[in-house]
Amino acid sequence: MKTWLFKSEPSQYSIDDLARDEVTAWTGVRNYQARNFMRDDMRPGDRGFYFHSSCAEPGIVGFVEVVKRAYADPTQFDRKSRYYDAGAARAAPRWLNVDVKFAGKTRVVGLAELRSHKALKAMQVLQRGNRLSITPVTPAEWACIQRLLGNA
DNA sequence: GCCAACGTTGGC
DNA sequence: GCCAACGTTGGC
């Protein structure tokens with residue numbers, strides 16, 4: 001079981017949207033590194049933090065669980081989608097997505113709080129210039145944040 | 001709205 | 001294959 005952080009803009013798709021839908025296809029990833037994480041390393045049963053970005057209170061707001069391995073992202077073939085990719089062929093899909101399931105809300109653990117813990121100093125989402133929408137979370141980072149949330 | 005950081009594109 | 005230009009992200 002690996003652990004991850006999934007970033008999403010709440011104005012696009014928030015933790016409450018996921019709580020309502022229960023399961024969602026994590027489509028729209030158009031970054032090769034993030035795609036490779038899903039394709040090569042993510043498996044059903046993996047856990048993740050749900051992180052709100054580009055909003056008033058950026059931070060961790062909940063948990064998700066990966067429930068389906070990466071498969072071809074249908075939005076790359078949809079001309080009407082903002083994620084349409086003219087360079088993607090059905091026979092050789094360029095973009096993939098996993099399915100994730102809602103696994104609970106947390107209080108907002110904001111960036112300042114995350115940065116205040118030495119154990120999280122190297123956490124990818126906290127690095128300057130970080131733009132990856134999916135990042136791996138180390139076991140130590142995962143445990144530290146669980147403690148912050150009173151879950152350990 | 002600003003600006004730093006980064007990925008991608010395309011001319012050469 | 002280099003690298004400048006450009007577009008996007010995202011915290012503040």
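The chains referred to below are lettered A, B, ... by the order of the sequence lines, with proteins before strands, and numbering in each begins at 1.
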Calculate, to the nearest 0.5 Å, the distance between atoms CE and CH2 belonging to A:Met38 and A:Trp95 respectively. 9.0 Å
With heavy atoms under 4.0 Å as the rule, sort A:Arg30 into base, sugar-phosphate or nothing. nothing
Rounded to the Å, how far apart are A:Trp95 CH2 and B:dT8 C1'? 10 Å
Given B:dG7, B:dA4, C:dG11, the nucleotide with the shortest approach to the side chain of A:Asn31: B:dG7
Quick one: A:Leu111 CG to C:dT9 C1', roughly how many Å, whole number? 14 Å
Salt bridge flag under 4.0 Å for residues A:Lys121 and A:Glu141: no
Heavy atoms only, 4.0 Å cut-off, all strands: where does A:Ser54 land among base, sugar-phosphate and nothing? base
Do the side chains of A:Asp73 and A:Arg94 get close enough for a salt bridge, i.e. N-O under 4.0 angstrom? no
To the nearest angstrom, the CZ-C1' distance between A:Arg82 and C:dG7 comes to 13 Å
Nucleotide C:dT8, atom P - distance to CD of A:Gln33 in whole Å: 20 Å
How long is the line joining CD of A:Glu57 and P of C:dC12, in whole Å? 12 Å
Calculate the interatomic distance between A:His52 atom NE2 and C:dG10 atom P; express it in whole Å. 13 Å
Taken to the nearest whole Å, CG/A:Asn130 to C1'/B:dA5 is 10 Å
Length of the CD-C1' vector between A:Glu9 and C:dG11, whole Å: 12 Å
Considering only NZ, NE, NH1 and NH2 on the basic side and carboxylate oxygens on the acidic side, decide whether A:Arg69 and A:Asp99 come within less than 4.0 Å. no
Side-chain contact check for A:Tyr32: nearest option of B:dG7, B:dT8, C:dC12 is B:dT8
Look at the side chain of A:Arg128 and decide which nucleotide, out of C:dC12, B:dA4, C:dG10, has an atom nearest to it. B:dA4
